[in-house]
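First comes the structure, then the notes that go with it.
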Amino acid sequence: MDKILEALVSSSHPLTVKRAIVKKVMEAAEKEVTEEQCQALYHLTTRLILLGEDAFQRQVGLQVQEAYARYHREEFARFFSKEYVLGLLQQGYGSLDHRDPAILDFLHGSLRLLISCPAVLELAPLLQTEVLRIICERPEPATCAKLATILMDFPQCVPREKAGVLFCQQLVRTFAYFNCPVTEERELREYVTQVTRVSVMLQGIWKAEPATLLPSLQEVFAVISSTDPSFEPSIALASLVQHIPLQMITVLIKSLTTDQNVKDASMTQALCRMIDWLSWPLANHVDTWVIALLKGLAAVQKFTILIDVTLLKIEQMVPHIVPLVKSLKNDGLPNSKTFLLQFAELIHCMMYQYSGFPDLYDSILESIKELPKPNEEKIKFVLNQSAWTSQSNSFASGLLKITGKSETGKTGLVNLGNTCYMNSIIQILFMATDFRRHVMSLHLNGSNTLMKKLQLLFAFLAHTQRAAYSPRSFLEGSRPPWFTAGSQQDCSEYLRFLLDRLHEEEKTLSAFQVTSPKPEPATTSAETLNNAVSQPVADMPSHPDPVAANGDGRTLVERMFGGRLSTAIRCLQCHSLSEKEEPFTDLSLAFCPSMSKCHGPIDEHKSSSSVGPCQGAVNGGSESSEGSVKEGAGTRMEKPVVEPTLSVPDLVDYFLAPEILENENCYFCERCASLQRAEKVMRVVAAPEYLILTLLRFSYDATCHVRRKILDNVGIPPHMSLPLRQPGISVSSSSSTAVTSSSSDSPESGENLAKKLKPSQKEDGMTGNRTNSESNDSDSEMLSVPYVLSSVVVHSGMSSESGHYYSYGRNGSSTDGYVAHPSSKTLESSSLSESSTASQEEMGCADHKSTDWFLFNDSRVTFTNFESLRNVTGRFPKDTAYVLIYRKQEVSGQPSNSGPVVNGSRLSGEPPLQKELMDAITKDNKLFLQEQELNARARALQATSASCSFRPNGSDDNEPPGSCGPSGGGGGGGFNTISRLVF
């Protein structure tokens with residue numbers, strides 16, 4: 001076969017005939033071929049690929065080799081052995097030198113043919129050594145670009161550990177030898193493409209192996225600071241600057257400007273070359289680094305370097321003055337006009353200081369002749385004030401206002417890499433005043449529990465002087481094991497895990513206390529609380545005692561967030577009743593299809609009613625299974641209406657509405673010993689102090705196998721009431737209740753669905769079979785428990801796989817004075833009456849001050865108001881309420897739980913800060929003050945160059961409140977988090 005093919009490609013037959021025969025040869029690859037035939041074909045096709053006389057021969061070689069390698073991969077792997085690859089890379093092939101890019105192209109193509117074979121892994125160590133050797137030989141840009149393509153496609157071939165550091169350093173050195181052809185535009189474009197490809201590959205190595213970054217940057221500086229007159233590094237090094245994390249500017253500049261081993265001549269050379277880089281077409285962020293380096297040198301008073309650089313580069317800057325002046329005149333913006341006046345003044349000072357260049361200044365004077373000219377006294381004042389050689393600059397002028405917390409007095413949380421899900425939850429828990437006060441009152445000295453970490457975090461949020469606190473320790477201690485660090489996560493899932501951990505931890509500690517000698521019970525008087533800080537550490541109990549703190553032995557999580565839900569199922573045949581109570585910490589509210597079918601993917605399954613102590617269906621799930629969507633339903637991309645058609649009370653009504661279990665979802669009645677139609681009723685029998693509601697906005701589309709977001713605009717009332725079934729009252733039957741048809745999960749049936757029907761008097765046996773006791777039960781009174789909105793977590797994004805979390809929180813003190821009046825009503829179809837909700841909403845809006853509400857967006861905290869929260873989805877359709885916390889209000893006429901004791905569910909004020917917490921905060925505040933003083937001194941030294949800085953005053957008032965990217969509340973812990981699109 002190889003002989004036929006060799007004769008064919010060199011024959012004089014028409015190309016059409018040749019292609020037809022080549023096609024037959026390729027088709028023969030599917031048949032059985034001997035080892036010898038395969039090897040002969042692989043050698044022939046390799047020769048055609050590398051030494052083919054024309055494009056046709058090279059194309060035939062590629063096509064035939066690919067066909068036979070696909071069907072005879074093991075034979076190709078034996079052909080493409082370590083020895084064969086080593087010969088190609090060290091000796092070349094025939095007349096081709098081993099440095100020829102064609103060799104690397106062939107290597108790349110062959111590796112792709114073996115991409116799923118173990119042979120690639122066997123070749124990886126050899127290639128790691130060879131690519132390092134090739135880079136040390138300073139190859140041309142084309143060869144480096146080919147090598148970069150191979151390494152990006154096969155990262156296992158990149159040198160590792162120490163060899164990886166050496167590879168990056170040598171690659172930087174190779175960059176310095178890249179020659180830039182300037183004869184034709186096509187060549188220049190090709191050169192830029194090659195350089196870009198290599199720089200992107202190096203960026204990938206930095207991200208995968210962070211240990212290689214700093215040695216690479218040190219090598220860059222060593223290259224550009226070289227004072228060897230015979231060596232001029234290539235401008236291509238500028239392409240590496242765009243990949244250096246901007247977060248490292250402060251550290252690197254400080255290191256460079258304070259390093260005694262860096263000579264002034266070397267620093268001057270490096271700065272001059274960086275200024276030259278500004279002409280490179282891909283010189284992103286070079287200006288930022290140049291300005292930072294200039295300011296850093298001024299901060300340490302290395303004015304000689306600044307003067308030398310200015311004198312060396314002034315002529316390079318002057319030609320750009322006239323175009324800049326014209327551009328500023330044409331802008332017409334207030335910022336441009338202000339800067340233009342300052343710039344013109346500095347130009348006159350420059351011409352005054354460096355006179356004698358009329359050829360340079362004529363055009364400049366012409367461009368600024370219409371602008372005011374400062375008099376000589378003003379020019380001398382400016383020059384004296386900004387003189388780099390003057391040592392009389394006062395620090396006082398540079399002692400700017402120390403930056404601390406925002407005007408809100410609240411502390412933000414640093415985003416540690418897609419941790420906005422955690423930050424938003426921490427902030428809403430902190431804004432839960434009673435929970436925060438109880439956490440802060442616990443005596444946990446010496447323990448290393450999660451509650452202790454939460455207490456320390458709350459203490460820093462309350463008392464630190466920093467604008468934003470980094471919760472790294474709490475993140476490491478509270479992150480669920482299945483959460484991948486740095487990836488997108490669900491805030492409701494995190495909240496449930498956190499509460500469950502705190503609950504189980506306290507139960508475990510109390511169990512240990514039962515088996516160990518108990519310490520003296522802590523008194524609960526106000527005097528004891530006030531003296532808590534001065535109490536010796538040894539005298540304090542090491543762990544909270546649930547029995548001492550609360551007579552019923554409930555944990556703090558249970559007392560603050562725990563409620564109880566009763567699920568009753570009545571057989572419609574024998575009327576037997578099965579009822580059970582279970583605890584919950586949050587309620588997951590599904591969207592009723594009849595209300596939201598026009599606004600996105602519909603979750604036609606109501607949330608499961610099975611619950612657990614701190615988890616389960618009642619305790620949420622951010623996701624609900626998506627059933628069959630009605631024809632004509634919109635997609636998730638459809639924009640929701642501005643005015644909400646749903647409200648939180650509507651979703652609570654839907655959650656608590658009775659359901660009929662029938663057809664495939666029939667209830668197995670033990671009395672009847674068969675499947676029967678039944679009615680299921682869920683009632684809240686114990687209301688939590690803080691009611692957590694999770695809106696099930698993410699539904700699973702079984703057709704497309706993706707999670708979609710329901711974008712319905714849900715109305716959020718500032719006050720609402722939760723129906724509470726009073727003890728001793730049996731569950732009512734709601735046969736007279738009109739409800740819409742829907743689906744639900746039965747606790748006994750798992751994934752089975754139960755239909756909701758509209759029962760009517762026409763139903764067979766429904767009304768006629770009611771007993772008098774059941775009729776009386778249907779009119780039983782329900783206690784209406786009032787709640788006030790405390791905080792809301794908002795999800796910004798179009799799906800569960802991307803977006804950003806931020807939260808709204810209300811000052812707890814602003815709700816303390818609100819006392820609700822008792823309200824009893826007959827339970828019919830809904831849990832909340834429309835009239836009562838409306839009246840509460842009006843009452844709530846009247847007392848909302850502009851300083852009551854805060855917007856927490858990672859590090860940024862600002863004042864906001866309830867109207868902003870209420871209208872957020874109307875203004876930004878992808879920003880929707882996700883997790884809500886309502887706080888239970890006191891009811892007049894009933895015993896109050898509030899008081900200055902730990903036993904009750906409320907504390908009247910903030911507990912005193914314990915000594916251990918106070919010491920930690922004081923130490924950190926002193927450190928922060930020292931950092932601020934150093935920064936203030938640095939700013940004082942930088943004042944000389946501040947007037948030359950042009951910083952347009954941008955505005956982002958029209959942007960959405962949150963984003964995980966650098967412009968929207970980001971933050972982050974490393975160079976790989978500069979740009980993020982995740983939670």
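Starting from 1, each residue takes its place in the sequence as its number.
- Side-chain atoms of Thr419 do not come within 3.5 Å of backbone N or O of Met422 as any donor-acceptor pair.
- Interatomic distance, Tyr421 OH to Tyr882 OH, rounded to the nearest 0.5 Å: 13.5 Å.
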For Leu556 and Val439, run side chain to side chain contact (heavy atoms under 4.5 Å, CB included): C-alpha distance rounded to whole Å, both residues' side-chain angles, the deciding distance at 0.1 Å, then the answer.
CA-CA 8 Å; Leu556 177 59; Val439 170; 3.8 Å; yes

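- In this structure, Asp858 and Asn423 approach most closely via the heavy-atom pair OD1-ND2, 2.9 Å.
- Under the 6.0 Å cut-off for aromatic ring centres, Phe856 and Tyr806 do not qualify, their centroids lying 6.0 Å or more apart.
- Looking only at distances, a side-chain donor or acceptor of Lys709 sits under 3.5 Å from a matching main-chain atom of Gly797.
- Annotation for Ala468 and Val414: closest pair CB-CG2, 3.9 Å, computed over non-hydrogen atoms.
- Under the 3.5 Å distance criterion, the side-chain polar atoms of Gln455 are left unmatched by any main-chain donor or acceptor of Leu444.
- Ser791 contributes no side-chain N or O that, together with a main-chain N or O of Gly809, makes up a donor-acceptor pair within less than 3.5 Å.
- Between Met560 and Leu502 the shortest side-chain heavy-atom distance does not fall below 4.5 Å.
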Open item on the list: Could you go through Ser566 and Arg725, starting from their C-alpha distance and side-chain angles, then the distance that decides it, and tell me whether this counts as side chain to side chain contact (heavy atoms under 4.5 Å, CB included)?
Closed with: CA-CA 9 Å; Ser566 171; Arg725 175 189 164 198; 3.1 Å; yes

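- Ring planes of Phe561 and Tyr690: tilted class, angle from 30 to 60°.
- Residues Ser868 and Asn865 bring no donor and acceptor atom of their side chains to less than 3.5 Å of each other.
- Proximity of a side-chain donor or acceptor of Glu505 to a complementary backbone N or O of Thr449 within less than 3.5 Å is not detected.
- The shortest non-hydrogen separation linking Ser784 to Pro786 is O-CD, 3.5 Å.
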Between Asp500 and Glu504, is a side chain to side chain contact (heavy atoms under 4.5 Å, CB included) present by the stated rule, with each step listed?
CA-CA 6 Å; Asp500 185 53; Glu504 293 297 331; 3.9 Å; yes

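- Between the side chain of Glu689 and the backbone N or O of Glu558 there is no donor-acceptor pair closer than 3.5 Å.
- Nearest heavy atoms, Ala687 versus Leu724: N-CD1, 3.7 Å.
- Nearest approach of Gln427 to Thr411, heavy atoms of both residues: NE2-O, 3.0 Å.
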